[in-house]
There are 2 protein chains.
Amino acid sequence: MATITDVSKKAGVSRSTVSRLIAGNGYVSDEARKAVEAAIQELGYRPNTMARGLRSNRSDIIGGVVVNVSSPFYAQMIGGMQETARSAGKSIIVASGYADRDEEAHAIIELLDRACDGLILYLENALRDDVLEIIARSKTPVVTVGGNECPPARARVTIDNATGAEAGMRLLLDQGHRHIAYLSGGTIYRDTHERLSGIDAALAGFGLARDDIYVEHGSFSETFGQQASARLLVERPETTAIFAGDDDVAAGALLALKAAGKRVPEEISLLGFDDNFHARHLTPGLTTVRQPVDEAGRVATRLLLSILDGEPPAAPVITIPTELIMRQSVGPARSLSPTPRTVAPALTAS
Amino acid sequence: MATITDVSKKAGVSRSTVSRLIAGNGYVSDEARKAVEAAIQELGYRPNTMARGLRSNRSDIIGGVVVNVSSPFYAQMIGGMQETARSAGKSIIVASGYADRDEEAHAIIELLDRACDGLILYLENALRDDVLEIIARSKTPVVTVGGNECPPARARVTIDNATGAEAGMRLLLDQGHRHIAYLSGGTIYRDTHERLSGIDAALAGFGLARDDIYVEHGSFSETFGQQASARLLVERPETTAIFAGDDDVAAGALLALKAAGKRVPEEISLLGFDDNFHARHLTPGLTTVRQPVDEAGRVATRLLLSILDGEPPAAPVITIPTELIMRQSVGPARSLSPTPRTVAPALTAS
DNA sequence: GATCGATATGGGATCGATCTCACAGGGAGA
DNA sequence: TCTCCCTGTGAGATCGATCCCATATCGATC
């Protein structure tokens with residue numbers, strides 16, 4: 001591989017001149033520029049990333065930690081990150097944190113060892129103290145996405161769970177549903193609480209309160225959706241609508257409803273959250289609250305890039321709006337004659 | 001950040017000794033070892049990846065190019081790669097090739113610039129000549145996965161499309177189907193041809209040939225599945241089974257079948273390929289040939305790691321077996337009395 | 001004509017590790 | 001006692017870039 005010295009010799013200039021040309025700073029005469037460009041072309045010269053990084057203390061690598069790289073949800077986010085990073089000439093290394101505190105710590109430390117210019121974290125746990133200190137010492141800027149707050153973060157991107165859940169619940173209420181079950185994810189997640197507050201807001205708009213619906217806390221899993229729904233059909237047969245904590249829960253609920261011979265949405269309505277890959281492939285198509293996680297990845301990366309450029313982030317917290325995706329799994333409540341009020345439009349609150 | 005010199009001073013030895021200790025080669029006395037370990041601990045020393053890489057010409061990074069990072073299919077493969085790489089202390093940088101020759105070229109060049117120790121490629125096009133030369137010049141070992149052959153690759157991992165398609169077709173034949181449509185992906189893919197040869201083999205086992213079924217070539221997309229199936233229902237109403245080129249095609253086919261009021265599998269059977277995330281969420285659950293793409297990612301990475309260790313790869317081509325996943329979308333042919341022969345067992349050849 | 005700023009270039013130190021080589025000490029064998 | 005090998009250590013060169021500083025030329029200004 002050709003080095004900068006080879007180029008400089010071939011072009012009859014010093015390494016400094018070549019370096020200046022590549023970096024695009026400092027003065028370079030037209031004559032020198034042409035000679036150097038020709039030499040670069042001829043030798044097929046490509047700067048050595050390691051040497052550059054060692055000297056300038058930049059790697060042009062952004063580190064990302066998500067819960068699970070293999071999951072379609074995070075894959076979309078990674079796609080968004082990568083797309084944005086690529087246009088700034090940076091690459092992304094991602095690692096999985098597996099929702100485990102020590103795995104998350106390990107992943108972060110490994111990324112910092114690689115001298116990442118910055119970190120984008122989607123974690124499920126608070127950072128370990130030693131990791132906090134390592135991050136601080138390395139002065140690596142951090143942007144977090146979703147989940148909980150995280151001390152060293154210079155900026156945070158969240159998805160507007162509250163407004164999304166509010167829009168979803170309002171849709172159900174608008175359709176005349178009053179016996180509603182909310183099959184929530186675990187209470188350890190910030191998301192869960194935000195969604196609940198949105199649900200409260202929608203209820204309040206109809207003169208109702210949390211106690212007027214049935215809420216069960218479980219996990220974000222198909223199994224939970226299936227089991228809780230099966231139980232629900234027996235113990236609360238008056239239920240006309242299920243609002244699932246996410247699309248996996250909804251998929252499980254749908255299995256249970258079909259097993260029980262319930263028609264969706266004629267007998268019971270089903271509403272999801274996320275707009276997973278399979279939401280549209282369910283039968284009936286799942287009406288759901290879309291979380292634009294790819295957009296979150298893009299925004300987080302853009303924030304990080306601006307921090308790296310020395311600009312302050314656009315805002316310390318950026319909230320990505322959700323969108324209500326209307327498919328076929330939600331309909332009017334079965335006991336009511338269909339006098340739907342205006343259906344809530346796709347809510348795109350900022 | 002502490003450097004190796006800081007450590008050596010604190011421990012009262014030379015940098016060489018510290019380096020030897022870390023690398024685990026050469027002689028280090030117990031006394032020195034203890035002193036150095038204490039110093040490392042105390043200073044929180046972590047070796048600088050850039051400096052090490054510059055000198056030793058290794059980055060401990062493996063580069064991966066897949067068609068699309070955001071897609072669940074490739075996300076699974078990336079997960080497998082990462083898991084394996086991590087256990088060897090290496091990280092992975094992935095890029096999308098978007099099935100475009102120039103995008104693929106760009107991604108590879110970028111990864112080579114990062115001085116990747118090796119590349120794992122899942123491409124859809126032949127490599128551009130200039131890229132071939134750059135790879136050769138950099139002496140970076142390459143392992144390819146799926147898709148077509150690729151000159152510079154030291155080893156190749158393929159998924160056993162032929163045997164998988166054979167098992168799928170045999171299942172349909174076993175169930176008495178004789179009016180079968182195969183909605184294939186594009187003919188530019190090696191996969192397509194391999195699957196067709198497997199289909200031929202299954203047909204031959206029943207004394208049939210390719211001409212005895214209907215084959216249509218399109219693309220690996222839901223749209224193709226939907227349109228082709230809709231046409232099929234009109235033009236070839238005798239069809240009792242559709243074998244889809246992949247699960248996306250199958251999902252499209254299912255939409256068309258439902259739109260036409262056909263019951264699956266009572267009136268028409270549907271068989272997929274891949275076992276995508278949504279295969280089990282379709283209604284009925286999609287019977288399909290599973291491609292263990294996560295395993296392919298793991299195997300490819302293991303191959304690359306062994307090449308990097310100087311060992312020859314276990315084999316130049318490693319074929320990952322597929323698995324027939326039985327769900328509900330395939331049943332006996334409608335005109336036949338249900339005298340199914342033995343249903344083909346889940347085929348796990350070689 | 002002296003001074004100053006802008007343009008243009010080169011020399012060498014530097015980043016933090018690895019790696020080769022030289023060398024010292026000690027025990028074994030001739 | 002001398003040689004040889006094994007253990008253990010350190011000095012210094014090296015990887016390939018960037019970056020600071022010195023310097024040279026030229027035109028404009030005083």
Side-chain angles (χ1 to χ4, degrees), chain A residues 1-37 39-40 43-61 89 112-117 137-140 308, chain B residues 1-37 39-40 43-61 89 112-117 137-140 308:
Chain A
M1 278 273 118
T3 73
I4 199 172
T5 309
D6 299 335
V7 173
S8 66
K9 279 188 186 142
K10 180 144 219 146
V13 298
S14 70
R15 286 167 314 163
S16 308
T17 302
V18 179
S19 176
R20 268 189 297 264
L21 177 64
I22 293 171
N25 55 28
Y27 301 103
V28 178
S29 67
D30 258 11
E31 191 185 6
R33 150 171 290 114
K34 272 174 198 147
V36 172
E37 279 169 352
I40 287 178
L43 294 170
Y45 167 73
R46 315 230 88 214
N48 180 313
T49 326
M50 303 281 198
R52 165 182 292 176
L54 172 60
R55 179 65 238 238
S56 65
N57 206 27
R58 272 182 318 107
S59 61
D60 283 335
I61 290 177
L112 288 176
D113 281 351
R114 297 225 172 267
C116 289
D117 294 346
R137 206 153 33 132
S138 73
K139 297 194 172 49
T140 310
L308 291 176
Chain B
M1 277 275 118
T3 72
I4 200 173
T5 308
D6 299 334
V7 172
S8 67
K9 278 187 188 144
K10 182 145 216 148
V13 298
S14 71
R15 287 168 313 164
S16 309
T17 302
V18 179
S19 176
R20 270 190 295 265
L21 177 65
I22 293 171
N25 55 26
Y27 301 104
V28 178
S29 65
D30 258 12
E31 192 185 5
R33 151 170 288 115
K34 274 176 196 145
V36 171
E37 279 169 354
I40 287 178
L43 294 170
Y45 167 74
R46 315 230 90 214
N48 181 312
T49 326
M50 303 282 199
R52 164 180 293 174
L54 172 59
R55 181 62 236 240
S56 65
N57 204 27
R58 275 182 315 109
S59 60
D60 284 334
I61 291 177
L112 288 176
D113 280 350
R114 298 228 172 264
C116 288
D117 294 345
R137 204 154 33 134
S138 72
K139 298 192 174 48
T140 309
L308 291 175

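Note that the coordinates shown come from a computational prediction; the quantities given were computed from them, not determined experimentally. Naming: A, B, ... by sequence-line order, numbering from 1 per chain.
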If you compare all heavy atoms of A:R52 against all heavy atoms of A:I22, which two are closest, and at what distance to 0.1 Å? NH2-CG2, 3.6 Å
Any side-chain N or O of B:Y27 under 4.0 Å from OP1/OP2 of D:dT7? yes
Between B:V18 and A:S56, who's closer to the 5' end of DNA chain C by nearest nucleotide? A:S56
Any donor-acceptor pair, under 3.5 Å, between the side chain of B:R33 and the base of D:dG8, if you only look at N and O atoms? no
Pick base, sugar-phosphate or nothing for A:A32, based on heavy-atom distances below 4.0 Å to the nucleic acid. sugar-phosphate
I want to confirm an ordering. Mapping A:A23 and B:G26 to their closest nucleotides on DNA chain D, which one lands closer to the 5' end? B:G26
Nearest heavy-atom approach of B:V13 to B:V36 is CG2-CG2, 3.8 Å
Could you grab the distance from atom OG1 of B:T49 to atom CG of B:L54, nearest 0.5 Å is fine? 12.0 Å
Expressed in angstrom and rounded to an integer, what is the separation of B:N57 atom CG from C:dC19 atom P? 11 Å
Please determine whether any donor N or O and acceptor N or O are separated by less than 3.5 Å between the side chain of B:R55 and the base of D:dT14. yes
Any strand counts, and the cut-off is 3.5 Å on both contacts for Watson-Crick or G-U wobble. Which nucleotide pairs with D:dC30? C:dG1
Under 4.0 Å, heavy atoms only, any strand: does B:T3 hit a base, just the sugar-phosphate, or nothing? sugar-phosphate
Whole angstroms only, please: what is the CD1-P distance between B:I22 and C:dT18? 6 Å
Atom-pair distance (CG on A:N48; P on C:dA17), nearest Å: 17 Å
Test B:E37 against B:L21 for side chain to side chain contact (heavy atoms under 4.5 Å, CB included), laying out the working first. CA-CA 9 Å; B:E37 279 169 354; B:L21 177 65; 4.2 Å; yes
Distance check needed: D:dG16 C1' versus B:R58 CZ, whole Å only. 17 Å
Go through the N and O atoms of the side chain of A:S16 and the base of C:dG11, and report whether any donor-acceptor pair is under 3.5 Å. yes
OG (A:S59) and CE (A:M50) are apart, to the nearest 0.5 Å, by 10.5 Å
For atom CG of A:L21 and atom C1' of C:dG10, their distance in whole Å: 16 Å
Please confirm whether the shortest side-chain N or O distance from A:S19 to OP1 or OP2 of D:dT18 is below 4.0 Å. yes
Let me know, please, whether A:I4 or A:R20 comes out on the 5' side of the other along DNA chain D by nearest nucleotide. A:I4
Between P of C:dC15 and CG of B:D6, the distance in whole Å: 11 Å
Measure NZ/B:K9 against C1'/C:dA17 and give the value in whole Å, please. 15 Å
